[in-house]
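Letters go in sequence order (proteins before strands), and every chain restarts at 1.
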Amino acid sequence: MSAGSDADDLERLARAHGPRVLGYLRRRTTPDVAADTWQEVMTIAWRRIGDVPSDDDSQIAWLVGVARKVLANQRRGEIRRSAATERLREALEIEAQRTPAPVESPVTAALDRLSPADRELLTLIYWDDLTTDQAAVALGIRGAACRKRLQRARLHLQDALEHEEAPACHTSLQTSHQTPTRVSS
Amino acid sequence: MRDLDQLLRNTDPLANHDESIFAEHTRLVARECALEPRPDSKRPRSRKLRAVVLGVALAVAAPTGAYVVADVLTAHTGRHARANQWTKDHSEMINTCAKDFPTVIMEYAPTDRPLPAKVTWQMIGDSLVDRMTDTCTSTEPDVAKGEPQTADNLRLNFEFEADTAWRVAWYRAVQRHDATAADKAITQVDATSRRPLVTVTQAEHKGAGGYNDRTVEAMRAGRVDDVITFGTDDPAWYKAVR
């Protein structure tokens with residue numbers, strides 16, 4: 001990252017990308033796990049501040065990649081809690097109560113029918129608004145492989161949509177994770 | 001295809017949400033994290049410099065005792081979370097980037113628990129090692145680069161991988177209409193919630209419900225799609241055991 005104290009760098013990183021990474025987490029887990037995971041992401045970024053890319057586009061991809069891994073391994077009560085995290089958790093829970101439950105539709109049902117890998121890639125692109133190159137970094141794969149996988153995932157989704165006959169019979173993506181969270185790293 | 005893009009965007013559960021309302025919260029969390037002590041080697045060092053640093057560390061450690069060397073090079077660090085640092089888990093911090101981690105991790109396999117046929121604890125351990133060491137440099141064990149895991153977390157990961165293996169076994173039993181094997185697998189998935197360490201974790205997530213309640217319920221009802229949604233969150237592992 002750029003010159004300046006490491007603490008300033010970390011705050012800059014959080015200011016620039018925190019809400020977006022938090023959005024990634026909110027889409028995939030509960031408010032309390034999202035808050036704890038954000039803190040863990042920042043802890044890792046603090047430990048590895050020298051590894052954080054310098055440009056904005058790469059930073060968000062790097063952070064989402066870290067968040068993804070933390071979520072994958074956060075299967076226990078081994079979560080560091082701080083006062084700021086408690087406040088973040090409270091804010092997230094209040095917001096979650098205000099947020100209407102996701103509407104079931106043939107598309108959400110079709111998404112649920114996809115493989116986790118297809119679903120993850122599509123949601124990274126269309127929900128989290130990552131580019132294919134950023135999604136590739138977050139997933140730890142090559143850009144070309146990511147583009148190929150995206151093409152395939154879209155075809156799978158189209159197939160699933162065409163065969164989707166009984167909407168609203170599946171669990172929505174929002175409820176697909178349990179506590180402790182189980183996601184692949 | 002453009003329609004498909006729009007349809008996908010419309011399914012975003014946070015569409016039309018302004019995430020910037022959390023900006024100040026996320027910044028404050030970052031500020032608190034920056035107060036934490038961290039390993040000295042926070043900036044990436046050149047390979048040459050790392051070699052020099054490691055050499056100096058070894059030279060200093062050699063006459064003063066083995067503890068420092070062991071601290072850097074072995075998975076058993078002898079360290080535990082500080083009293084105010086972690087909520088509950090004060091088990092030993094294990095250095096996943098140490099060379100002996102693949103051996104040490106097997107100490108935490110809950111071998112009292114049965115596994116499906118053709119699945120072994122070694123297979124599960126290998127899978128965990130792959131996952132937990134992907135940030136490590138392969139030839140230079142470096143505790144600063146590692147992602148320390150606690151011993152209890154390693155035990156828990158074994159429990160959850162065993163759980164996943166039983167879900168796969170259940171899925172395969174359903175596919176071949178083997179009700180006995182399916183029931184056996186459901187029993188084992190259900191048992192995950194009562195494993196001692198899982199019970200402790202659940203107690204810390206008050207109100208979260210039993211770990212496998214919904215999955216077991218769906219399994220008993222034969223709702224395969226729901227179980228797949230809950231369970232296939234580790235595609236690599238599923239692929240490996242199928």
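Heavy-atom minimum distance, A:A91 versus B:H25: CB-NE2, 3.5 Å. A:R27 and B:P13 make their closest contact through CG-CG, 4.1 Å (heavy atoms, listed as atom of the first residue, atom of the second, distance).
With respect to chain B, the highest number of heavy-atom pairs below 4.5 Å among A:D129, A:L92, A:V21 belongs to A:L92. Comparing A:P19, A:G140, A:A16 by how many heavy-atom pairs each has under 4.5 Å with chain B, the most go to A:P19. When A:G18, A:A35, A:A84, A:G23 are compared by the number of non-hydrogen pairs under 4.5 Å with chain B, A:A84 comes out ahead.
In this structure, the side chain of A:E11 does not engage the main chain of B:R31 through any donor-acceptor pair within 3.5 Å. Side-chain atoms of A:W38 do not come within 3.5 Å of backbone N or O of B:V29 as any donor-acceptor pair.
With rounding to the nearest 0.5 angstrom, the CG atom of A:L25 is 10.0 Å from the CD atom of B:E19. Note: B:D12 CG to A:D128 CG = 7.5 Å, rounded to the nearest 0.5 Å. A distance of 10.0 Å separates CG of B:L7 from CD of A:Q158, quoted to the nearest 0.5 Å. Put simply, CZ on B:F22 and CG on A:L88 are 7.0 Å apart, with the number rounded to the nearest 0.5 Å. Separation of atoms OH (A:Y126) and CG (B:D5) is listed at 3.5 Å; rounding is to 0.5 Å. From A:E40, atom CD reaches atom SG of B:C33 across 8.0 Å, with rounding to the nearest 0.5 Å.
Within 6.0 Å of CZ on A:R142 lie no more than 12 heavy atoms contributed by other residues, nucleotides or ligands.
With sequence neighbours excluded, no residue satisfies side chain to side chain contact (heavy atoms under 4.5 Å, CB included) with A:E90. Not counting sequence neighbours, the partners of B:A162 by the side chain to side chain contact (heavy atoms under 4.5 Å, CB included) test are B:R113, B:L115, B:W121.
For the pair A:R15 and B:T26, the minimum side-chain heavy-atom distance is 4.5 Å or more. The closest side-chain heavy-atom distance from A:L161 to B:L4 is below 4.5 Å.
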Residue pair B:H17, A:E95: steps toward the side-chain contact (heavy atoms from CB on, under 4.5 Å) verdict
CA-CA 10 Å; B:H17 276 249; A:E95 188 60 19; 3.7 Å; yes
Pair A:L111-B:T11, side-chain contact (heavy atoms from CB on, under 4.5 Å): steps then yes or no:
CA-CA 9 Å; A:L111 265 176; B:T11 62; 3.8 Å; yes
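Only the backbone of A:I125 has a heavy atom closer than 4.5 Å to any heavy atom of chain B. Only the side chain of A:L122 comes within less than 4.5 Å of a heavy atom of chain B; its backbone N, CA, C and O stay farther away.
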